[in-house]
Amino acid sequence: MRATTWNDETLLRAIQGERSGRDAALRHIFQHPEWNKAVDLFVRQYGGNTHDADDVFQEAVIQLDKNIRLNRFEGNSALKTYFVAIAKRIWWKMLERRRSTDELQAHHIDGIDEAPDLRLMSEERKSYLRAALGQIGARCKEILQLYQLDYSMEEIASAVGLSNPEMAKKEAYRCRMRLRQFFENNGDWKALVN
């Protein structure tokens, strides 16, 4: 492809066109320091680092490409402005997922994170954990076991007879808190499963 003067119109045409033009347009965006800098500044301003900014930038390029090819870009703003808006949405979603993950980890008891970790526990530790789960009630034990096996909240609600996934989420939280409280009140049990 001959040397192109890139502007919004030529970028849009190239991305919607043949593969060689699309590749050249996306390469231009990847190498354009102003686009990258705008994303980097935003992500670092809102708690991220350079690595986060790179991830967001790459995801935003992928989303921009997809949106243009699906005719979702309506031309109400400059393409760079649209791109930065996509990057902002991606960063907010990443932050939300991090908060959710941090919240889940904060509600888990040490040594009871995910099913792969449970498989690594010794049989003895597993038996103590099962006994501890038995101390918080059969329903909570079932909910937490399903939770650890990555059942969705909808599946958990159905399995234990709750009316909806939101109720299952609340009940799972209460059960985690009950288990945490049990371990806090019984330090010797906590030591056995750690």
Side-chain angles (χ1 to χ4, degrees), residues 8 11-12 15 22 25-120 140 143-157 162-181 183-184 194:
D8 285 5
L11 284 169
L12 287 168
I15 291 171
R22 179 174 160 231
L26 294 176
R27 193 169 31 258
H28 171 75
I29 292 170
F30 264 109
Q31 296 170 350
H32 198 289
E34 288 301 313
W35 291 47
N36 201 329
K37 184 178 179 182
V39 173
D40 184 69
L41 287 173
F42 178 80
V43 169
R44 287 192 294 125
Q45 179 181 358
Y46 289 94
N49 57 37
T50 303
H51 178 71
D52 295 324
D54 289 343
D55 289 347
V56 170
F57 183 81
Q58 289 176 23
E59 287 290 321
V61 171
I62 292 167
Q63 190 64 52
L64 175 72
D65 174 50
K66 181 178 177 181
N67 287 359
I68 290 172
R69 286 185 294 111
L70 294 173
N71 292 317
R72 291 182 183 155
F73 176 67
E74 297 173 359
N76 298 330
S77 66
L79 198 54
K80 179 183 168 191
T81 303
Y82 181 71
F83 174 77
V84 172
I86 290 170
K88 287 178 179 181
R89 266 194 313 277
I90 289 168
W91 179 238
W92 292 131
K93 286 180 182 177
M94 286 174 77
L95 281 178
E96 186 60 35
R97 279 194 303 268
R98 284 183 184 174
R99 282 188 203 110
S100 296
T101 301
D102 291 346
E103 187 177 298
L104 283 174
Q105 288 172 349
H107 297 307
H108 279 63
I109 303 300
D110 293 339
I112 312 177
D113 286 337
E114 294 294 322
D117 291 341
L118 287 175
R119 287 191 290 271
L120 295 175
C140 273
I143 289 171
L144 292 180
Q145 286 174 331
L146 293 171
Y147 180 79
Q148 288 306 125
L149 293 171
D150 287 329
Y151 278 65
S152 70
M153 288 300 161
E154 189 172 294
E155 291 169 319
I156 292 172
L162 294 168
S163 58
N164 60 51
E166 199 57 40
M167 291 298 294
K169 187 176 180 181
K170 288 177 183 176
E171 195 64 26
Y173 174 78
R174 285 187 197 114
C175 291
R176 288 193 308 269
M177 291 301 99
R178 193 176 296 161
L179 183 60
R180 173 179 275 181
Q181 189 64 47
F183 280 125
E184 286 175 4
N194 281 335

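Since we're looking at a predicted model, the values are computed, not measured. Computed over heavy atoms, backbone and side chain alike; hydrogens, waters and symmetry mates excluded.
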- Message: Take a 6.0 Å sphere around CD of Glu154 and say whether it holds more than 12 heavy atoms from other residues, nucleotides or ligands.
- Response: no

- Quick one: sort the Phe42 and Tyr46 rings into parallel, tilted or perpendicular, breaks at 30° and 60°. tilted

- Message: So Leu79 and Ile68, do their side chains get closer than 4.5 Å, heavy atoms only?
- Response: yes

- Message: Set out, in order, the CA-CA distance, both residues' side-chain angles and the distance that settles side-chain contact (heavy atoms from CB on, under 4.5 Å) for Gln181 and Glu184, then state yes or no.
- Response: CA-CA 5 Å; Gln181 189 64 47; Glu184 286 175 4; 3.8 Å; yes

- Identify the residue among Lys66, Glu59, Gln63 that makes a side chain to side chain contact (heavy atoms under 4.5 Å, CB included) with Ile86. Gln63

- Per the ring-ring contact (aromatic ring centres under 6.0 Å, His included) rule, which among Phe30, Trp91, Trp35 passes with Phe57? Phe30

- Task: Could you tell me the separation between the CG atom of Asp65 and the CG atom of Leu26, rounded to the nearest 0.5 Å?
- Result: 4.5 Å

- Item | Asn76 vs Glu74, side chain to side chain donor-acceptor pair (under 3.5 Å): CA-CA, chis, key distance, verdict | CA-CA 6 Å; Asn76 298 330; Glu74 297 173 359; 3.2 Å; yes

- Please step through side-chain contact (heavy atoms from CB on, under 4.5 Å) for the pair Phe83 and Val39, ending with a clear verdict. CA-CA 9 Å; Phe83 174 77; Val39 173; 3.6 Å; yes

- Query: What distance separates Asn36 CG from Gln58 CD, expressed to the nearest 0.5 Å?
  - Reply: 9.0 Å

- Task: Step by step, work out the salt bridge (Lys or Arg N to Asp or Glu O under 4.0 Å) result for Lys93 and Glu96.
- Result: CA-CA 5 Å; Lys93 286 180 182 177; Glu96 186 60 35; over 6 Å; no

- Query: Say you draw a straight line from CE of Met153 to CD of Glu155; how long is it, rounded to the nearest 0.5 Å?
  - Reply: 10.5 Å

- Item | Chi angles and distances behind the side-chain contact (heavy atoms from CB on, under 4.5 Å) call for Ile29, Ile15 | CA-CA 11 Å; Ile29 292 170; Ile15 291 171; 4.2 Å; yes

- Message: Using 0.5 Å steps for rounding, measure from the CD1 atom of Ile62 to the CG atom of Asn67.
- Response: 12.0 Å

- Query: Name the one of Asp54, Val56, Ile90 that satisfies side chain to side chain contact (heavy atoms under 4.5 Å, CB included) with Val43?
  - Reply: Val56

- With side chains defined as the heavy atoms from C-beta onward, is the minimum distance between Lys80 and His32 less than 4.5 Å? no

- Note on the structure: One should read off an interatomic distance between Cys140 SG and Arg176 CZ, to the nearest 0.5 angstrom, of 10.5 Å

- Item | Heavy atoms of other groups near Met94 CE, more than 12 under 6.0 Å | yes

- CG (Leu11) and CZ (Phe73) are apart, to the nearest 0.5 Å, by 10.0 Å

- For the student: nearest non-hydrogen atoms of Ala53 and Asp40, plus distance: CB-OD1, 3.3 Å

- Message: Please give me the minimum heavy-atom distance between Ile143 and Cys175, naming the atom from each residue.
- Response: CD1-SG, 4.2 Å

